Structures are given as C-alpha cells and as structure tokens.
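In this text the structure is predicted, and so the values were computed from the model without any measurement. Side-chain atoms are counted along with the backbone in the values below, which use heavy atoms only and exclude waters and symmetry mates. Quick note on labels: first sequence line is chain A, next is B, and so on, each numbered from 1.
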Protein chains: 2
Amino acid sequence: MVKKVIDNGKKGVRYNLVLNERAQLVLHSIIENYIQSAEPIGSRTLSKTIGITLSPATIRNIMSDLAELGYLIQNHTSAGRVPTDKAYRFYVNSLATPPSISEQIKEKISQVSNEQGSQVEAILAETVRMLAELTKFACVVSTPKASVSRLQRIELIKISEDRILVILVTKAGVVRDKIIFTNESHTQEFLNSVAEFLNDKFKDHSMQEIRKEIHQSMVDDRTRYHDLLAHAIRLGKKAFELNQPGEMLIDGQMNLLLDSHFHEQSSVRSLIDAFEQKSAIMKILDDSMKHKGVHIFIGIENDLKQLQDCSLITASYRNNQNVLGSIGVVGPTSMDYKRIISMVDYTAKILSKTITEQSYD
Amino acid sequence: MVKKVIDNGKKGVRYNLVLNERAQLVLHSIIENYIQSAEPIGSRTLSKTIGITLSPATIRNIMSDLAELGYLIQNHTSAGRVPTDKAYRFYVNSLATPPSISEQIKEKISQVSNEQGSQVEAILAETVRMLAELTKFACVVSTPKASVSRLQRIELIKISEDRILVILVTKAGVVRDKIIFTNESHTQEFLNSVAEFLNDKFKDHSMQEIRKEIHQSMVDDRTRYHDLLAHAIRLGKKAFELNQPGEMLIDGQMNLLLDSHFHEQSSVRSLIDAFEQKSAIMKILDDSMKHKGVHIFIGIENDLKQLQDCSLITASYRNNQNVLGSIGVVGPTSMDYKRIISMVDYTAKILSKTITEQSYD
DNA sequence: ATTAGCACTAACCCTCAATGAGTGCTAATT
DNA sequence: AATTAGCACTCATTGAGGGTTAGTGCTAAT
C-alpha cells in the first residue's frame, strides 16, 4: 500500500486526519494558482511556482494523495487537477480572518455615500453597486428587517373612503408604506388622532413588540369601551401586520456571465434562475445575520442546487441597536477568497457606520 | 444598366421610391425568415418558403436590387443576406398597428397584480417582470414622473434636530420620501402645522405648479411678516425641490445574453453598459411619453452607440389625468416585432387600467 | 523518502481537402 | 422583356491526420 501524506497510517480513519505541512502547502499552492488561472494545475507547473524545491514527481505523489482524500479532482486522465469544494473549505479555514486589504480599496469603499441625508435604501443600492463593480461579481444586500427595527413614527393618510395609506418610519431610517382597507370611512382628522395615539404608545418599540402589545390590547376589556382606543388598535393591527417579506437588492449579475470561471452556459442559466427566485439567496443572507463576521458558503454547502457551482461571501451590517441585514458577494467557487472576503468585511463595516450615522436615534 | 425592381427607372431619385409589390413580398419574407432563424437568408431557401413560385435566380436578382437600395447586406460574398435597420423600419411600417394578440397572452398579461391595494411601484415591478418573462427580452419601465402628478398629501416628520423626513404622496399613488436639513430646530407639533398648511394650500396642485407658487410667495412681502407662512414656504421650497430624477425599473437583462441573435460578446458587453448608465434608455422612455400608442426605435435610430444593435418597443401608460411613464422592451433589431409590439401595446393598456383604479382621485 | 525516467493519454492546434450554401453573370427559354 | 437554367467562383464549416504539449502513473535508481 502506498503511504499517505498524513501522519497516521491507519486506513479506516484517515479521511478525518489533518494533512501534513507539505501537503497543506501543495494544496494551498494549487488553489491559489487555480484561482489565478482558472485552469487545471499540473505537477510541473506547480513545481516551478511553489516556494520550496520539490520535483514534479514528488508533487505528483502528493497530488495523488490529495485527490484520494477528496481535495482534488481530475476532469480526465492526463489533465491537471482542480480543487474541490472541500479544498476551498480547507483554504478559507486556513486564512487569517479577515485578510488584509489595500488602502486604495479601502478608500474606494469609504467613498460610497458620504453625502448627507441619503435614505437607507439609496445607501444600500449604492453600496451593492460599488461592491459589484469592485469585485466583478454579483452582489446582494438584504434591506433592514422591519420586525427587528423600532418605530420612529407612523402616519395614516386617507386616500379614499375605504383605503388608508400607512407610512411607517423606523429608527433605522427605513420608510415603508402600504395600503390598508377599512369597512367604515374615517375623516383625516380622526386618522390624525389615531396616528398620534399610536405614536405616543408605540414610539421606540420594536415592530415585534408592537404586534404583541396590540394583540394583548385586543383581548383587554378596557379597549372595547374606549372608542378612539378601539379604532386605534383595530387600525394599528392592520398597519403593523407582517409588512413586506424583506427585500433584497441585486447588482452585477452580468459580471458572472463575463467571468472566465463560468464558461459553461448551463451553470449560468441555473444561476439566473436562482437570482429570479431570490428566496434561496435571501435565506442565506438571513442565516448570516445571526452570527458576527464574515460567512462563507462554498458550492455544495448551499442547499439550492442552482447555487452549487458558486460561493457566497456574506457579512451582516447593523446600526447602534440591531443587526439589520447582510450584504454578500456571489461568485464562482474558484473566486479569489482573500480579496473578496476582505472587501465584504470592510464594506459591511463601513455600511454599518454609515447607517448608524443616518439612524434616527 | 440593370433594371431596378422599382416602377421608375430614373437613377438619381430611386432611393426614395416605393418598392414594387414583388420586391416588397421578397423583403417581407426575408425579414420574417431571418427573425425566425437568426441566420442569413439565401435565394434557394427563400424560393422554397415564399408563397409564390419564383426561381432562386429571380430572387437573386431582386435581392441584389434590395441590397443596392440599402435594405439588405451581405456579411461576405457567398453568404446569404441579412436585413438592415432600414428593412426593419419598412417592415414595422407595413404592419397593421397594433397587430393582433392571442387570448392566452392577453390573459397572462391581465393576471398581473389584480390583488387589491398594491402600491404603484409594486405593480410596475410585477408588470415589467411579467413582460420580460413573456417576451424573453429585457424590459424597462419608468416610474411616474413626480413633476406632472398632483399632490395628495405631504407629511413632515422630525427625525433629529436638523433633519426632517418629507413624505410626498401623489394622486397617482406614488409615495416619495426624502430628507431635508434645516438650520433651526422645530418641534413635531410645529411641523404638523406647517404640513397642514401646505396640504391646505397645495392639495391637488401639480408639483410643477407648487414649485412655481412657492417661488412667487417667496418674493411676496406678506410672507415675511407671517411666521408660520414664512417657515412653511421655506420648508416647502426644500420639500418640493426637484425630487428624484425619475427612476426606471429593469428586468430580464439576462434574457438578452441567452438570445440567439446576440451571439457576439461585444454587443452584449456594450448593452450592459447602456443599462448601467440608464440615462439613455430613460431618455427614450421620456420621448415616448409625449405621443400616444406604441413607439419603435430601431438600431441606428437610437442616439446611444451601445443601443445601436437593438430595437426598443415602448408605449406610455397613464391614469385618468396624466401620462405617467412608459414601458418598453429592449431586444435585438431582429426581434419578432409583431409579437413584441402587440404585447407591449396590450401591457401598457392593462397597466393604465390598473393604475387608474389605484389612483387616489 | 525522493527523484529520474519512461510509456502513455488527451487536449490542442495546424493544415488540408471535401462539402455545401451562397453568389454573380451569361445565355437560353418563355 | 422577363424569367430561369447553367456555370464558375467564393467562403465558412467540417472532419481527418499529424505533431505538439502538458499532464499522468508506475518503476527503478538514488
């Protein structure tokens, strides 16, 4: 039996074992080469670019072992080898997080939207566009979740006998509007009183809390005998009802089509579908909101089939109070992780800073 | 000299003359074939598919004449011929406008957004998405111009000592928000009075009118001695200042990349640029708002270089009162005009109907 | 444990010839 | 006079053959 490049010779368990240093170096080098060239890496090429002196034959042995361990695959005999998702996972885990970033890029990122008085959505749109341009991949950002952010103000505007326009302004600086229907007609003056009441009662409360409190008020007897209160609660219930499922802005989808790593038409086709559905990507963004720092989803780790040819790098952004949403880059599994991770990380930080400044607390 | 397929033999003026019937038939047939196949059409192919019996040789003669008149070009000797922009212009001019449309398609278009209480922007987004899916091309729609639509209500919300959130609701059902800065701090109560004043004074006036009226008030002496009025006018000026340059929603850009008529990478690249700039397409949409019915911009007729490989089919939509914006399809010059024109036409009509129902008059 | 050497593979590239769809022109036919 | 058949010619496309190249795995020598 051929000896393995692992420290322990036992066969049954070797897949869980750690690679020895030299094997790690080779794998690292293969990955970085492949990220650069987008072409299968052969032993001879590698022996030239790798730091230490190692003959092609030796490298071949190591590569063969790495292939057996699932880090590399060959598209056909006599072709170089290509990293697998497992290899990329190894690679990103071994990176210092977050990798460093050039001052030049930092500056470009910081430039976005330092103009005063921009709306949150505008800031997000600008940021995602900038990030797409910088990374040359597709970028996404989820808009602040209404449920976690807190009420700054509510307005009720009569627009017809049975329709009321509700405008919710959150502390995070997001303005949401929706139309609700009523059975009875109210005057604008009455709506103003209702709005004033709701503002007094619920300002600074989170949407979630508000929904809960309204629910409680509805079963409270006192409510029934107080006309304004009763109306306010009834309208408030509708107004604060699950608003918008949370949106997502996308930019730079086109970049993917021009990327050398994505030559095959088929994978692009399916990616387009993934973007159209939105929900799968949205879910990943939501997941990444739960934890701090940069998240990396590589190929097969994505639930959605259509996303299994690409990696997502995400990071959440926040204001003083809450995590609001997250921003991410979608690219080929063979993307330049160092570069992208650092950009996403830094962008999320700057975005958090900008949004915090714009928040209404 | 070879005889021309035109009724008049005079040389100097023949380029302005009308094609005889047979030449028209041939040209028509070439165009429809090319729209279908996306491949150069040869005389033999054509002699088979064309209705009347005509030998390839005869067709060759006619084609040669049509080429000389600028309706066809050859990419190289011994290749079939391809229609020019001039040919497409001839073709669409000869179509009955608007062409008929199948009940099935009609139904699909009508399905969009008959749910109650949708916001205008949501309706537009849904419509443009539907149209992109139906046509398999890229679609654009301009959001209602704020300047022409009339005020339903204005709200002023204090969000910090020097920032006020302005919310404008127009009769067309569009909600716009922006932040303005003040030198002095106002209480929310004061802002409410100001808003009430502005609502009383300007409700139902168009934004353009309002700006003019405010301008007049500012030079009016009475304004200076009336505190509330003075403040209202000052804040109102900022609030009604040229808001948003008019937005545009895009969907289905990806469709263009998968289209067989757009094989060449280069033209796709430049199209992407055109979409990123937005302004050029916006200008075309604006132009088309000025006239009724469907507009067709073919290739070279577009000012922007990047758009000269494609055609735009646009139609304006409106509510009871005003033309609000327009919706359009961007595809290759060799698109199926009949199909697309009818779809755009019908979609614009349905959109107008839906928006009118949602309007606040 | 490492490396040199060797046989073998498969993609890639070049050339060349055959094929086929197309043209323009001229002469014959209607 | 208009149409068509015939013919020579052009040029993109295809496929076969051959050389080149980058790669592999295996074995034996270091």
Can you see which heavy atom on P83(A) is nearest to which on L72(A), and at what distance?
CA-CD2, 3.8 Å
Choose from dT4(D), dT23(C), dG25(D) the nucleotide whose nearest atom is closest to any side-chain atom of N61(B).
dT4(D)
Return the 5'-most residue of the pair A57(B), H76(B) with respect to DNA chain D, ranking by each residue's nearest nucleotide.
A57(B)
Distance, rounded to the nearest Å, where N75(A) contributes CG and dT24(D) contributes P:
12 Å
Using Watson-Crick geometry (N1-N3 plus N6-O4 or O6-N4) or G-U wobble (N1-O2, O6-N3), each under 3.5 Å, dG19(D) is paired with dC12(C)
For T58(A) and dT3(C), is the shortest distance between a side-chain N/O and OP1 or OP2 below 4.0 Å?
yes
OP1 or OP2 of dT3(C) sitting under 4.0 Å from any side-chain N/O of R60(A)?
no
For atom NZ of K48(A) and atom C1' of dT21(D), their distance in whole Å
11 Å
Judged by atom type as modelled, is there a donor-acceptor pair below 3.5 Å linking the side chain of Q308(A) to the main-chain atoms of N302(A)?
yes
Nearest to side-chain heavy atoms of R44(B), which nucleotide of dT3(C), dC25(C), dG22(C)
dG22(C)
So that I can tick it off, tell me whether E32(A) and K338(A) are bridged by a salt bridge, with the cut-off set at under 4.0 angstrom between side-chain N and carboxylate O.
yes
Using the six-membered ring wherever Trp is involved, compare the ring planes of Y71(B) and F90(B) and label them parallel, tilted or perpendicular (cut-offs 30° and 60°).
perpendicular
Among dT2(C), dT23(C), dT24(D), which is the nearest nucleotide to the side chain of S43(B)?
dT23(C)
side-chain N/O R22(B) vs dT3(D) OP1/OP2, d < 4.0 Å:
yes
Rounded at 0.5 Å granularity, tell me how far CD1 in I296(B) sits from CD in E301(B).
9.0 Å
Between dT3(C) (P) and I59(A) (CD1): distance, integer Å:
9 Å
Closest nucleotide among dC7(D), dT24(D), dT2(C) to the M63(A) side chain:
dT24(D)
Could you state the atom-to-atom distance from CD of E39(B) to P of dC11(D) in whole Å?
20 Å
Hey, which of these two, L54(B) or S78(B), hits DNA chain D nearer its 5' end, going by closest nucleotide?
L54(B)
How long is the straight-line distance from CG of L285(B) back to NZ of K283(B), given to the nearest 0.5 Å?
11.0 Å
Using the side-chain heavy atoms of T77(B), tell me which of these nucleotides is nearest: dT10(D), dT3(D), dT24(D).
dT10(D)
If I take atom CD in residue Q74(B) and atom C1' in nucleotide dG22(C), what distance separates them, rounded to the nearest angstrom?
8 Å
How many Å lie between CG on D65(B) and P on dA2(D), as a whole number?
12 Å
Rounded distance (Å) that lies between atom C1' of dT3(C) and atom CD1 of I50(A)
16 Å
Using a cut-off of less than 4.0 Å, is there contact between a side-chain N or O of T45(A) and OP1 or OP2 of dG23(D)?
yes
Provide the Watson-Crick or G-U wobble partner of dA28(D), both distances under 3.5 Å; none if there is no partner.
dT3(C)
What's the CD1-C1' distance between I62(B) and dA2(D), to the nearest Å?
11 Å
